[in-house]
Amino acid sequence: MTTPSTTPAVRQAAAHLKEKLLRLAAPALGAEPSDIEARNDLFQVRFDPSRKMSFADVCRRIPGDSLSAEGERVPNYEGYRRDQAGCQFAEVEVDAELGIVRVLRVVAVHDAGQIIDPLTARSQVNGGVLMGVGYALFETRRMDPRLGIMVNPTMDDYKLVGPLDVPEIEVRFVEVANGFNNTGVMGFGEPAHVATAAAIGCAVYDAIGVPVRSLPITPDRVLAAMETRA
Amino acid sequence: MNRFEVLTPADLAHAARLLARQGHVALAGGVDVIDLLKLGIIAPATLVNLKNLPELHGIEPGPRGLRLGALTKLHEVAEHPFIREHYTAVSDAAREAATPQIRNLATVGGNLLQRPRCWYFRHPDVNCLKKGGDRCYALTGLNRYHAILGGGPSFIVHPSNLAPALIALGASARIVGPSGERSVELEKFFTLPSVDPKRENDLKPGEVLVEVNLPPPPAGAKSAYLEAREKQSFDWPLVGAAAMVASDGASRTVRDARIVLCAVAPIPWRSPEAEKEIIGHPLDAERARAAGEACVRGAHPLADNAYKIAMTKVLARRTILKAAGIEEA
């Protein structure tokens with residue numbers, strides 16, 4: 001939620017700052033601020049492009065050392081959907097005699113609105129898929145019911161995904177325009193994680209012909225599920 | 001973690017004298033000892049650093065077999081060309097252990113002498129039978145990773161995957177102590193909890209495991225090691241199997257065999273029942289399957305670990321066939 005929480009305020013502050021720059025440029029260009037267009041490095045009068053100033057020249061007119069402006073995140077605009085949409089696919093290989101599942105490939109297709117930084121967005125999906133593989137196959141808190149203690153509280157016993165457990169991950173973004181805030185950015189913290197375990201569970205079902213109804217899908221559960229096959 | 005001092009002995013005899021004292025614990029790669037210190041399961045006053053003792057170093061292949069110094073790193077065992085060729089099960093087992101970082105630190109001696117991974121034993125708040133308490137909590141508690149064979153009164157499994165492979169190839173351990181040295185078959189070095197639930201082997205106070213010796217493999221012998229884990233990276237085996245199969249080339253008749261299982265019992269578990277199924281017979285998938293069945297004939301699963309029986313059958317069969325170079329249909 002960091003990007004959709006912060007970017008609308010940042011964008012509004014930037015718009016306010018731009019207005020201040022236009023007001024500084026207006027007397028020198030002999031025009032109203034609303035008649036000036038700022039594009040790339042140039043401030044230009046809309047109806048007379050010969051009247052223009054560089055960005056650097058406008059900045060020289062800033063009184064003091066700097067110009068500042070504030071912005072805030074206003075309530076979301078009504079009438080737009082605000083939920084992400086996406087789908088994930090998993091390809092697994094099951095050793096049918098040992099019950100061991102390996103995730104070979106995960107394809108993650110997501111509409112998270114406008115992607116501001118493709119590298120970190122992709123990384124968010126990679127991380128979500130990795131944790132999702134652990135959620136599907138390994139991770140669980142094991143409590144001794146009589147002693148009331150967690151018996152696997154260490155990094156050795158609590159099983160997190162390791163390098164050899166990582167599938168090939170393919171990430172696709174479908175950026176559907178969305179006007180519910182001024183940047184069109186949506187929260188994207190959980191979708192890749194939540195969908196992964198479900199996709200892996202369905203892929204295991206497809207592979208062995210019976211569903212495994214509990215996570216994590218450990219070898220003992222796969223073997224037990226396969227014994228129920230007719 | 002408690003305060004402790006580290007002493008580096010001048011020679012092997014000095015090390016043995018130090019280790020005979022109360023509160024002195026040997027330090028090699030440190031992988032398990034440091035974990036046990038941090039968990040508060042041991043609180044030694046002194047760690048005796050063995051790393052400078054020349055007798056504990058080196059891999060020496062020769063006509064009389066192979067000598068592995070106790071300080072040999074698992075990584076070296078995994079990659080050594082002579083071991084890969086003649087003692088394949090041993091290099092395969094070393095390669096399956098832990099992670100590359102740990103294999104670069106962990107030693108053969110430390111691997112054989114490491115304490116069990118049982119989560120009750122390793123829990124700082126649980127005083128179990130192995131730590132001097134009055135019961136094995138695994139018996140009626142959470143026991144998915146515990147013993148199906150040889151258990152009682154403690155139900156740990158021995159964590160070393162190297163030990164079954166070494167035993168399959170007839171290894172012995174040379175041990176030096178305050179009153180001299182002895183050599184013991186590795187198979188007889190490990191002890192069941194029915195003998196003493198507080199230890200897993202026969203190393204006495206003051207004794208140092210100096211080296212492991214492997215005889216030349218029997219004529220026509222090939223070996224293999226396979227294990228099943230939940231995770232493919234950095235996980236302990238649920239079940240492992242080492243097999244040595246010596247057979248006549250054309251007829252495939254097995255003259256000699258050893259099948260040793262990992263992570264199913266409190267000691268590396270040799271299965272003479274399985275060996276009997278294949279020795280004297282031409283080996284095929286059906287024979288290997290019968291050997292797998294024989295491995296678990298005496299198994300007593302606990303509440304959560306019956307799956308290990310199915311796994312053991314499969315891994316024993318696959319490992320025997322892999323050792324013999326037979327592809328399954």
Could you check whether atom [atom1] of [X] has more than 12 heavy atoms from other residues, nucleotides or ligands sitting under 6.0 Å from it?
X	atom1	value
B/Gln232	CD	yes
A/Met155	CE	no
A/Phe173	CZ	yes
A/Arg172	CZ	no
A/Lys18	NZ	no
A/His16	NE2	yes

Counting only non-hydrogen atoms closer than 4.5 Å, does [X] touch chain A with its backbone (N, CA, C, O), its side chain (CB onward), both, or neither?
X	value
B/Tyr145	side chain
B/Thr99	neither
B/Val126	side chain

Please find the pair of heavy atoms, one from [X] and one from [Y], that lie closest to each other, and give the distance.
X	Y	answer
B/Asp235	A/Lys159	OD1-NZ, 2.9 Å
A/Gly162	B/Lys231	N-CE, 4.3 Å
A/Pro219	B/Met311	CB-CE, 3.5 Å
B/Ala228	A/Ile100	CB-CD1, 3.7 Å

Handout entry: Close side-chain approach of A/Asp144 to B/Tyr120, heavy-atom, < 4.5 Å
Key = yes
Between [X] and chain B, which part of the residue has a heavy atom less than 4.5 Å away: side chain, backbone, both or neither?
X	answer
A/Leu147	side chain
A/Arg102	side chain
A/Leu98	both

Problem - Residues B/Arg122 and A/Asp157 bridged, charged N to O under 4.0 Å - result: no
Practice task
State whether B/Asp304 and A/Arg142 are salt-bridged, where the test is any N-O pair (Lys NZ or Arg NE/NH1/NH2 against Asp/Glu carboxylate O) under 4.0 Å.
Solution key: no
Nearest-0.5 Å distance, [atom1] of residue [X] to [atom2] of residue [Y]:
X	Y	atom1	atom2	result
B/Arg318	A/Asp95	CZ	CG	4.0 Å
B/Phe234	A/Leu164	CZ	CG	12.5 Å
B/Leu39	A/Thr154	CG	OG1	7.0 Å

Practice task
Step by step, work out the side-chain hydrogen bond (donor to acceptor under 3.5 Å, both in side chains) result for A/Asp156 and B/Trp236.
Solution key: CA-CA 9 Å; A/Asp156 189 59; B/Trp236 299 91; 3.1 Å; yes
Fill in the blank from the handout: Residue from B/Arg317, B/Lys308, B/Lys313 scoring the most non-hydrogen pairs under 4.5 Å with chain A is B/Arg317
